[in-house]
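Everything below concerns the one structure shown next.
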Amino acid sequence: MILHAAWLQERVEIFDDIRPADQGKLLIWAESARRLGYRARGRQADTPSHPFQASADQLLAALAPCLRQRPTKGRAVMFLPTADGYPVPSPAIIERARRVLAPTKLKRWTEPGAEVAEAAVTGDTAAVAGASDDDAVAAGPATSRGIGRFMVSGLLITPADAVRLLAVLPERPTAGWFGTAPQADTASPESLAAAAGDDLLFWAKASKLVLELIARHRFVPDIAMREERSTPHIASVWLPVLSSPDCAVRVASLARSMPWACRAAAAPPDDAGLELSPARSVLGSFIGAALNDTIKDALDVKLEDLATSGRELNHGMMPPFLDSWSSLMVEGMIFPACAWAAGLATRRMPFSNYSTNIARARTAVRSWLSAIGPTSGGFRTCFRLEPPPDGAGHWTLHFMLQAVDDPSVLVPAAQVWEESSSLLNFLDRRFENPQERLLTDLGRATRLFPALRRSLTGARPESCSLDTAGAYAFLREAAPLFEEAGLGVITPPWWDSARSARRRLGVRVSIQSSEVSRLSLNSIVEYDWQVALGDEVMTHEELRRLAELKVPLVQMRGEWVEINPTDIEAAIRFWKKRPRSEALTVREVLQMELAGPEGDSGAFAEGLPVVGIDLDARLGALLSQLTSNDRDRAAAAVRLPTPQGFVGELRDYQVRGVSWLWFMQNCGFGACLADDMGLGKTVQMIALLLHAREHGFLTAPALLVCPTSVVGNWQRELKRFAPDLRAYVHHGSARLGGDAFAEQAASADVVITTYSIVPRDVKALGLVEWGVLVLDEAQNIKNPGTKQSQSIRSLRADFRVALTGTPVENRLAELWSIMDFLNRGYLGSAEDFRRRYAIPIERYHNSKAADRLRRLTQPFIMRRVKTDPLIIQDLPEKQENKVFASLTREQVTLYEAVVKDTLRAIEEAEGIQRKGIVLAALLKLKQVCNHPAQFLRDKSSLPGRSGKLTRLAEMLEEAVTQGDRCLVFTQFAEMGALLQAHLAEVLGCEVAFLHGGVPRAAREDMIQRFQNGAAGPPVFVLSLKAGGTGLNLTRASYVFHFDRWWNPAVENQATDRAFRIGQTKNVQVYKFVCAGTVEERIDQLIEEKRALADQIVGTGENWLTELSNHELRDLFTLRNEDVADGDEV
Amino acid sequence: MGRYSEFGKAWWSRRWLETLEDMGWSSRLQRGRSYARQGNVLSVSVGLGTIQGRVQGSRRTPYRVSVDVKILGKSDWDKAVTAMASSASFAAELLAGAMPRNIEEAFSQCRASLFPSSAQDLRMACSCPDWAVPCKHVAAVLYALAVEFDLNPFLLFELRGRTREQLLEELREKRRGTSAAEMREESAVGSESGAQMEALKALVLASPQSFWTGDPRAVAAVPVDVARSAVPLALIERLGVPETWPRNGRFADGGFMEIMRSYYDAAAEYAMALAYAEAGGGCGADSSDVDDDGRVDYK
């Protein structure tokens, strides 16, 4: 189901001129995919129920665990867009419905025509009727659009609960965020249970803004009318202050982008006159209610906690907060202001009980609050400071009016005075009573900056002139006060930059690395420092002279620069101390340089900022090479020749990749190679190992950790590309332990092991000091708390490499884990990272944090994508690869049983009967290799039981994340069905399945959507028979053959579905083979006898039956070194 | 109305009381002051040239007090307003909630005074049996009035014959040299809800899908940075202690700021805790047991 949320504003009557409080509830409701298309039977009320909504109970199941209080069920009337009187489903629910409903049921909303059809608005109800337009009806297709009223049922959530529920949502929650338990290490099957609609996400964003306002103290106490159980009363409330420009701009932008679904609703008592408020006021109402409610919650909670537990902790004494609050209540009996203040901490106490003169209290609060100006929207007075035009003489402070939500709209005071009406129109904006606004603000500004008073003696003041000291006083002291008071300030551009670290008086650090022989992150370098103003180095004498000048603003090279007296003092103090070489590591230098002024370089000495870093040639070159992009890196890094022992060709970009890895190894920096799938990370890694060995860098063996499903693949790739490298697989139940292992490892060049073995054998693996430690599919260590990650981290190695095909930079938990594996401590602790980067970026979309993180990590990650033109020219149009997967323990048992039965049977059979047995055995073995569930036909669960399936899911996930579309061929229709269901769940996306039983129309629809649909299925499973010929599926850039048809011609024909005229991308073809099984043996046969293949293989698999018993035994028997450990994969 | 330790903090309120004291009623005013301090003034209100008040005396029914203040003539006002309009500082300070210090300069133009200049300017009456004028009830009301002046300096103009709105309107006219009669204001455009309905209809015709989506990219692009304020309590510091905050009792000195600090800190702490709460998704049942409609399957 898709969750929706609409704000139900509760209107409070105005009493005695007191502002009504913002009040309301958020109605959370949901569309249900399964019910799409339902029509209610029987007579309908005036306002019919929404026909395909989920029930409140279903919602409760999904949401109750996230809420503090059990929410009440509730209803609301909504205006919804309709087509032929039926509500138009949200785009999200249509996507969802594709997975559970037949295409024919969805046709009405998914046909291209349905989206573009233009028709008359024929309102379902009187509320909107009357808009019908005869011309449009005549011209348009059958569909007629309108607006209808529907009764929607859901859960009513208090504003504070809404914030608690929604503010923690990621920017784009993944499927399964709601109603599911967090899954630890495993790739959890993503739930189909509930997902958020854009309207819910909108309120999530608003909730986050509310938390920001509270954390930043952007609110004030106020007094307002509230209504509780239809009884109005006057209460102490908290009021958000949205008038600062950054806030106003964001609120305006949110209001403009608000989905109608957020606001086209009203609670039933109001439904008779369902009124639509402008988005702005709906948003304002939510922010006001949520802010007040959340703060009251915070304080109420505190009072409650203190009342219950506080006494015991404090030995029977009242804790201070509660004590002072109770006294406040008592004082409130005498002083209304105290009653008002006490009421601010709780939502239980109506202020009206305590005060006898409401109107007076209201006036008092209002006049008190007037000092901060209007709390939301509108316009305000803005002051713009201009330096003297010729560098000497007087500065001018201009007065103007400014639109709060668009600070670029400025009306000069002269124009304000000329306006003769009480309404000024400027750039399509209305300024009401502009002169009074200007005058009021000038009056308030004068109190904060008395120098203004002189300029107000005239009738129509437009500006104020100031001397340099006055201008500095304005910039330094008044401007911040003005901003706090809600007045606008525009300072000269140099002022802001002067205040950033690099334009201030500070320290320049110069760093020498000559003493260090081999640089690594932990190398300690020497540094020297100088006091500098921006780029200008200052001598002690100059500094003293500046201090004597006592002018805060000086012109240097035609630019104004602030010389802050405290900075000068700090610089002189710093000079006197002459601190010398404390340790500075290369890591710290890197962080200073990369994170920029907002990073960690802040206070270096005596509170002086670091305004610049000078690196010696060596460090400079290192840094520029580290931070350059891929293209420059290619130019900068020495291009390595292909290693001698390498069998095969490296493509150009692969040479660049190997060279970069080599450079990183030489620097002692851990490196992450994150190329797209199919670009050959494995080959690059193998080439690097060879190169390292040839240059004497691989004195100790390399340890390669990978998922079980790719052990066989690595083994075979090593054998193929680097037959000289001695590889040893440490895996399976018969693996060596302790010293025996260490001995064996010492005689190998590469030791291959798996993620599940490391934590078990961490002692044995720890005996060896590894030359290189490689993590393949490094996203496996994304959960830093697990034993697996910790044990891998604990291994000692000279050089660490992570290989991954997923875009790590977008998955922050993974990124931290991988970076911390590569370069321990570089991104700080996990908790630190979560607070500084992960949550600000994922939850709050903080672009500054994202930039900083990118700068910090970019030097250590090389990622090339297939679509890069530089890469494309290097790639062949069609690339064939084999994927060797391992069998699971269960598969091995089944496989061996089949082989045993078969071999016994053929001993006793002959002729046609023997032929039958062989073909049947072949079929069974293929089924076992595919999946035990296919062989057993028992509808048992799928995950973790087939090496092939696990690997396929991993590879598809990478491809789908990259935004590519994929074809998966299988020769078994029943396997196709299993694949479709399983992949849709694991990948959380739509998976289409074409087999012989699909009717023609549905088949056309599938193909059409795969090829052209913007939201078409990214994965398309086809049975080889139904989809092997005739189709045009050029949208695919990946083709997977899940099982093999021992006729290359048939396979190629299928592959060519994607590789036809019209294909513009490079196509990657992956053929899955179970290592050690008959599949691999036949694959070898075909490879070896390629030339004869056509003759031997003919048109089918009959040639197999011609083999002798001995040959068959050889063909079928499992080679045990490839057997997996069974309880994993 | 509560009790007050001191009447009139603002200079214009003190000036009002000084003016009264200069009229030779010191001793009576003293009694009125302690009367007001005890909280006997139940209400006080100001109209054009008049003050009305209710004071609890020794009898059960409160006494009614009324004071009429001499209203200035139209030409006097005209001169005063002209003088005020000639310098923006008058209007600026008034609008910002303070009586300009040089306000009497403007009134000297018409040889009048904003503050009553003699006892003849005031006509006082009270329903009490006391023969003295002013009685202590009148005096108490005049004292209580000083507090109202603190909050709203425009009341002084009202006593002299101009409401806030009238005064501002006349100032505006003087500034631009036109009169209100010449102005026409645009009337509000239709009903707000009606306009919204029109907008919704237009949207449904153009693209019904966007009813559900709005502009999700723009929403996502709005940055939010939940972090503690660099300047804690900036707004409260700016506002200062409210005029009506008690000046004696437990919370007199710094009590307001102390309470606000505890509130703001607790609220910010709570917001930070919520904002950075661990929430790796999921809040309930295991996903594999929940089908599309959220039905939990307890096998």
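Note on naming: letters A, B, ... go to the chains in the order of the sequence lines (proteins, then strands), and numbering restarts at 1 for each one.
For A/Arg256, no part sits under 4.5 Å from any heavy atom of chain B, backbone or side chain. B/Ala85 touches chain A through its backbone: at least one of N, CA, C or O sits under 4.5 Å from a heavy atom, while the side chain does not. Neither the backbone nor the side chain of B/Met84 comes within contact range of chain A, judged by heavy atoms closer than 4.5 Å. Both the backbone and the side chain of A/Thr294 come within contact range of chain B, each with at least one heavy atom under 4.5 Å from a heavy atom of that chain. Contact of B/Leu94 with chain A is not made at all, since no heavy-atom distance falls under 4.5 Å. With a threshold of 4.5 angstrom between heavy atoms, B/Pro232 approaches chain A through its backbone and through its side chain. If you measure heavy-atom distances from B/Ala273 to chain A, you find no contacts under 4.5 Å at all. In this structure, the portions of A/Ser327 lying under 4.5 Å from any heavy atom of chain B include both its backbone and its side chain. There is no contact between A/Leu213 and chain B, counting heavy-atom distances below 4.5 Å. Residue B/Ser86 touches chain A through its backbone alone, counting heavy-atom pairs closer than 4.5 Å. Residue A/Leu299 touches chain B through its side chain alone, counting heavy-atom pairs closer than 4.5 Å. For chain A, the nearby parts of B/Leu274 are the backbone and the side chain; heavy atoms of each come within less than 4.5 Å. Interface remark: A/Pro480 contributes no atoms to any contact with chain B (heavy atom separation under 4.5 Å). Using a 4.5 Å cut-off between heavy atoms, B/Phe90 does not touch chain A at all. Contacts of B/Leu200 with chain A are made by both backbone and side-chain atoms, with heavy-atom separations under 4.5 Å. Using a 4.5 Å cut-off between heavy atoms, A/Leu80 contacts chain B through both its backbone and its side chain. Proximity to chain B (any heavy atom under 4.5 Å) is shown, for A/Glu436, by both the backbone and the side chain.
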Using side chain to side chain contact (heavy atoms under 4.5 Å, CB included), reason through B/Met272 and B/Glu269 one step at a time and then give a plain yes or no.
CA-CA 5 Å; B/Met272 289 297 286; B/Glu269 190 186 332; 5.9 Å; no
Trace of the side chain to side chain contact (heavy atoms under 4.5 Å, CB included) decision for B/Val46 with B/Glu148
CA-CA 9 Å; B/Val46 171; B/Glu148 306 306 313; 5.9 Å; no
I would like to know whether A/His217 and B/Leu235 meet side chain to side chain contact (heavy atoms under 4.5 Å, CB included); could you show each step before the answer?
CA-CA 8 Å; A/His217 291 176; B/Leu235 287 167; over 6 Å; no
Worked check of side chain to side chain contact (heavy atoms under 4.5 Å, CB included) between B/Gln52 and B/Ser43
CA-CA 8 Å; B/Gln52 304 290 332; B/Ser43 73; over 6 Å; no
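Cation-pi check for A/Arg835 over B/Tyr276 is met; the charged atom lies under 6.0 angstrom from the ring centroid and within 45 degrees of its normal.
Between chain B and the residues A/Cys262, A/Ala445, A/Gly458, A/Ala167, the largest count of heavy-atom pairs under 4.5 Å involves A/Gly458. The candidate from A/Ser455, A/Ala279, A/Pro89 with the greatest count of non-hydrogen atom pairs under 4.5 Å with chain B is A/Pro89. Listed options A/Val330, A/Leu211, A/Leu438 were ranked by heavy-atom pairs under 4.5 angstrom with chain B; first place goes to A/Leu211. Among the candidates A/Ile839, A/Leu456, A/Leu481, A/Asp199, the residue making the largest number of heavy-atom pairs closer than 4.5 Å to chain B is A/Leu456. Chain B forms the most heavy-atom pairs under 4.5 Å with one residue out of A/Val210, A/Leu209, A/Leu328, and that residue is A/Leu328. Each of A/Ala92, A/Gly197, A/Pro221 has some count of heavy-atom pairs under 4.5 Å with chain B, and the biggest count is that of A/Pro221.
No donor-acceptor pair under 3.5 Å is formed between the side chain of A/Ser32 and the backbone N or O of A/Ala54.
Ring pair B/Phe251/B/Trp245 is perpendicular by interplanar angle, where above 60° counts as perpendicular and below 30° as parallel.
Aromatic ring centres of B/Tyr264 and A/Trp238 lie closer together than 6.0 Å.
Residues A/Ala83 and A/Val88 share a closest heavy-atom pair of N-CG2, 3.8 Å. The minimum heavy-atom distance linking A/Phe219 with A/Ile214 is given by the pair CE2-O, 3.5 Å.
Between B/Arg261 and B/Glu258 there is no salt bridge, since no side-chain nitrogen of the basic residue lies less than 4.0 Å from a carboxylate oxygen of the acidic one.
Residue-level contacts of residues 218-225 of chain B with chain A, in order of numbering, are B/Ala218, B/Val219, B/Ala220, B/Ala221, B/Val222, B/Pro223, B/Val224, B/Asp225; threshold 4.5 Å between heavy atoms.
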